[in-house]
Amino acid sequence: QGSGDKSPAAAQQLIDDKAVIAVVGPAFSGATKAAEPKFADANLATVSPSATSPDLANGGWASFFRVVADDNAQGPAAADYAVKKLGAKSIYAIDDASAYGQPLEAAFEAQAKTDGATVTHASVPGTTQCQAGSGNTQQYGGVATTVKNSGADTVYYAGYYCDFALLAKALNAAGYTGHLFSDDGSLDPKYIEQAGASVAEGTYISCACADISANPAAQDFVTKFKALAGFDSGTYSPEAFDAANTIIAVLKQLGTSATRQSVETALKTVDYKGITKEIKFEANGNIAGTSVYIYQVKDGKIVSLGLATTS
């Protein structure tokens, strides 16, 4: 559920199962922050495919690793793209008050201001649509009116697709016609489904996740994932695959003598060529490298625009 309230108990279940030697996940930043102290105490390594809060690397947890760049890379890259590529001058930046959304918005806002844009910030608690939020689904009408009256030419939303869809619909109803921009939490076809194709059309979305559709080395994964799951791989599915195989590479290296502690230690020096990137970790568990990509909703589908460059 992506809940920081529930994740420690889930972590404890894994810790108590002595057959579990490493973990792929947690997926959400808030859930990771709440659970990681338990994993660290148990020397049970976790390799997250998608938790991007910068704070996670500052916890001092030897157990923590992630295969994606953090929001200190994504936020500024998205801001540069909005200001320098899209020409944004006045931005209304909204976060969902989560452990994920708040630092991402802060990183975006700081860079957008450095780039010369004016930024108005609001924190609007997410609802229970995507995770355990405290907001109300009816709140977005008032928010949309405020944004429309502000004259902002761009709205940046740091949060998840469920609430972003509610906001996008409310903005459309209020007559807002500026750019819509969000983050990897919104990189999901369900955003288009819930907002409506016409409302979502043109939306820009940043993500530290690679578009593997044009990567020949990833096609076997794409085909077999759909055959096994019955649906297309989603955001961070390839990263989760790489996280799992990074752990497997370490287990092959250690052999039958592998322990939780030895896996945790070996991950610090692993060098694994995945389908999304080469995976090596920094001392704090962050992935080495800061690639960020831009996606856009076009003709009812999310398509990759490539790396978040402004040239």
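Every value quoted in this text rests on a predicted model; they were computed, and no experiment measured them.
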Tell me whether [X] contacts the main-chain N or O of [Y] through its side chain, where contact means a donor paired with an acceptor under 3.5 Å.
X    : Y    : result
E201 : D299 : yes
D153 : S90  : yes
S182 : Y161 : no
K277 : A288 : no
T276 : P238 : no
Y160 : D96  : no
Q102 : A158 : no
R66  : S48  : no
E105 : A97  : no
S206 : Q74  : no

inquiry  = Could you go through V24 and V47, starting from their C-alpha distance and side-chain angles, then the distance that decides it, and tell me whether this counts as side chain to side chain contact (heavy atoms under 4.5 Å, CB included)?
reply    = CA-CA 5 Å; V24 176; V47 185; 5.7 Å; no

Go through the steps to decide whether Y156 and Y92 satisfy the test ring-ring contact (aromatic ring centres under 6.0 Å, His included), and finish with yes or no.
CA-CA 6 Å; Y156 178 76; Y92 208 103; over 10 Å; no

Pairing donors with acceptors under 3.5 angstrom, does anything connect the side chains of [X] and [Y]?
X    : Y    : result
Q129 : D163 : no
D95  : S123 : yes
D184 : Y100 : yes

Heavy-atom count check: over 12 atoms from other residues, nucleotides or ligands less than 6.0 Å from [X] [atom1]?
X   : atom1 : result
Q12 : CD    : yes
K89 : NZ    : no
K33 : NZ    : no

### Task
Salt-bridge test for D232 and K226: reply yes if a basic N is under 4.0 Å from a carboxylate O, no otherwise.
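The answer is yes: the pair qualifies as a salt bridge.
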
K113/E109 salt bridge by N-O under 4.0 Å criterion: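 Judged by the 4.0 Å cut-off on N to carboxylate O distance, E109 and K113 do form a salt bridge.
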
Can you find a pair of side-chain heavy atoms, one from [X] and one from [Y], that are under 4.5 Å apart?
X    : Y    : result
F108 : D183 : no
P103 : P54  : yes
Y204 : H179 : yes
D70  : S53  : no
L56  : E36  : no
Y157 : L171 : no
I15  : K38  : yes
D80  : Q111 : yes

[X] with [Y], same ILVMFWY side-chain cluster at under 4.5 Å:
X    : Y    : answer
V155 : I302 : yes
Y236 : I294 : no
V199 : L166 : no
V119 : L86  : yes
V23  : I21  : no

Look up atom [atom1] in [X] and atom [atom2] in [Y], then write down how far apart they are to the nearest 0.5 Å.
X    : Y    : atom1 : atom2 : result
L14  : D16  : CG    : CG    : 9.0 Å
F225 : S237 : CZ    : OG    : 4.0 Å
L267 : S262 : CG    : OG    : 9.5 Å
Y295 : L305 : OH    : CG    : 9.5 Å
E239 : I279 : CD    : CD1   : 8.5 Å
Y176 : K148 : OH    : NZ    : 10.0 Å

Tell me every residue that passes ring-ring contact (aromatic ring centres under 6.0 Å, His included) with F64, counting only those two or more places apart in sequence or in another chain.
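Residues passing ring-ring contact (aromatic ring centres under 6.0 Å, His included) with F64: none at all.
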
Evaluate side chain to side chain contact (heavy atoms under 4.5 Å, CB included) for I94 paired with L167, printing each intermediate quantity in order. CA-CA 10 Å; I94 300 170; L167 174 63; 3.9 Å; yes

Practice prompt. Could you label the plane-to-plane angle of the F221 and F241 rings as parallel, tilted or perpendicular, counting under 30° as parallel and over 60° as perpendicular?
Written response: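 F221 vs F241 ring planes: tilted.
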
task: May I ask you to decide if the ring planes of Y81 and F181 are parallel, tilted or perpendicular, using 30° and 60° as cut-offs?
output: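 Rings of Y81 and F181: perpendicular, as their planes differ by over 60°.
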
Closest contact, heavy atoms only, [X] versus [Y]:
X    : Y    : answer
V297 : A200 : CB-O, 3.4 Å
V67  : P49  : CG2-CA, 3.7 Å
T145 : A174 : N-CB, 4.4 Å
A22  : L44  : N-CD1, 3.6 Å
A34  : P8   : O-CG, 3.7 Å
G101 : S98  : N-OG, 2.8 Å

Steps toward side chain to side chain contact (heavy atoms under 4.5 Å, CB included) verdict (T52, L104):
CA-CA 9 Å; T52 55; L104 178 55; 5.8 Å; no

Go through the steps for F164 and L180 under the test side chain to side chain contact (heavy atoms under 4.5 Å, CB included), then give the verdict.
CA-CA 10 Å; F164 185 42; L180 297 183; 4.1 Å; yes

